Amino acid sequence: GTRGAGGGTSSDRDPRSPEMFADGTAPGADVESLWRSARSSCCEAKSCQTGKISTSESAVQSRTSRDVSVQTDQSKAAVPDFQQEVQVDYTSLLSFLQRVEDAVIKELNKNWKSHAFDGFEVKWTDQNETVSCLHTLSYPEAQEQNLQVTSVSWSATGSVLACSYGRLDSGDWSTEKSYVCTWNLDRRGLNPERPDLVVDVPSSVMCLAFHPSQPSLIAGGLFSGELVVWDTSRTEDPVLWRTGMTDDTHTDPVYQVTWVPGAEHGKRCRLLSVSTDGKILVWREERGGRLALAKGFAVVAQQVPRSMWLKKFDWGEAAVGVTSLSFSHFDPRVFVVGVEGGYSLKCSSAAETPARCGMSSSVPLRAPAEFTFSPHGGPVYSVSCSPFHRRVLRGGQALTVNLFLSCGTDGQVHLHSMLQPQPLISLQLSKKYLFCVRWSPVRPLVFAAASGEGDVHLFDFQKSSQKPALTLKQAAGERPVYCLEFNLRHTQLLAAGDAAGVVRVWQLSSDFTEQGPREMHHLEQLASEITD
Amino acid sequence: GIPVRTTLDNSTTIQYAGLLHQLTMKARRTVRYLDPQNDLTFLRIRSKKHEIMVAPDKEYLLIVIQNPSE
């Protein structure tokens, strides 16, 4: 309470008395601070915002693993098999080998001397004893114009046969138009006089080649020196690519066209053309349906490797007319060409020497010839490299035996080995020209030749090395057979086209299609008759 | 079968080992089926190009390939 000086006013006092208003000090009022002690005393954990986490080991994220499959190839996985030698008990292996050794050696010796199986051959497939003409195909419109079959080609699938009509004996000028006809032999209702597809070509087609893997593409070489590629699956305009007439185009008729596999794996095939103007050109596809020159070779007389037969002729820089070409099956850079001069040349596509010729070209031309073989008595029309080869050991050196055939206007077929200039065997098969020679794709000792007398000669070195095993009369009245091709898929079929405008498909008998047990050995023997 | 020793290349050896092991087992079963007292001692396969000889055993198989001369 305060006792104010003038606090208590009493009514009975005189308001003017000084005791009422006296000065006095009152002690300050003290309020004890509670906040600090309150904090410490009144603080207690009431509740937490985060709930209590109860944990217990219930699951692990990494599971048990098991090898199900390995991504690496078979070969890598197989190697460990060899390395797991810990599982082999060598002593028991030794005793096993000792136990069987005698028996095995006895069998080996018996076998080596045995005659039990001499001449014993099992026939697993139905034997076809005779050769017959399966189809006789022609295009009457072309026949009316007296056009001849200049080339035949089988498609990649082996079921479509294409032939080109033109003239081979037309001399220098030919403005006739020609045709390319295809027939699908597997189709029912095949009409031999009505091709499935007929392509009109403004110039004479001299050679044809189907693409090796795309069944609808055909390449053709024309009399004008151009190359055209047709796509048979297109209905409106089958022309896919053409070279056109440029400075690079051949100046002479193209006599052979081939598809070569691309240089790198997966690259597309390129076209190779051969002509009597001496040039061998490799073309690549460009936009706008054009074929542009990728690589080129020119065979010039001066640059052909000298040999005793060529010394007589010194044509200098004259071009050597190339009529045919065949690639080696074991070395893709080696090829053989046949020339108008009558000899064959071994060439390499890896050649670097520039060709000394006056021909202008967008791509530098190189001289490919490496080796000259002895000549025929006239121009060579066809060469064919054997698809069978072997490595032989001769005098301690491993050689790859590569044989090829050449034929020409002298009616002879020469069997050459690439190792020597003289032929191994010379055969006179015709009194007229021989237009085409081809090795069989399945029998290493068999080849077929097309003659000017209208015959297709089938030669089998196993039966006779002097005369043909079989002669098929293609055309009546000695009309020459100009071209022939074996079907690589259906190896019993052989197509041949003649001057009467007819293509015949021959079905060969089994002995022309089945490889005998000792054929490769025989081929090797033939090839090793090389005079040193 | 797992190849232990070979004079051929790896992939050919594995092919031969696998295929001939199965064929040998089948041949053995055939022999024993025809006559339970009998058992396979030797297997020879003659083909156009060569002859394959197999000497069987409980744990091992010896395969020899020969080019017979004739």
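This one's a predicted model, so the numbers in the text were calculated from it and none came from an experiment. Lettering of chains follows the sequences in order, A, B, ..., and the numbering in each one begins at 1.
- Here the side chains of A:Phe459 and A:Leu445 are not in contact, with every heavy-atom distance at 4.5 Å or above.
- Interface remark: B:Ile65 contributes no atoms to any contact with chain A (heavy atom separation under 4.5 Å).
- Between the side chains of A:Arg443 and A:Gln462, at least one donor N or O sits under 3.5 Å from an acceptor N or O.
- Around atom NZ of A:Lys463, more than 12 heavy atoms belonging to other residues, nucleotides or ligands sit under 6.0 Å away.
- Residue-environment remark: NE2 (B:His21) stays at or below the threshold of 12 foreign heavy atoms within 6.0 Å.
- Both the backbone and the side chain of A:Leu93 come within less than 4.5 Å of a heavy atom of chain B.
- In this structure, chain B has a heavy atom under 4.5 Å from the side chain of A:Val100, while its backbone stays farther away.
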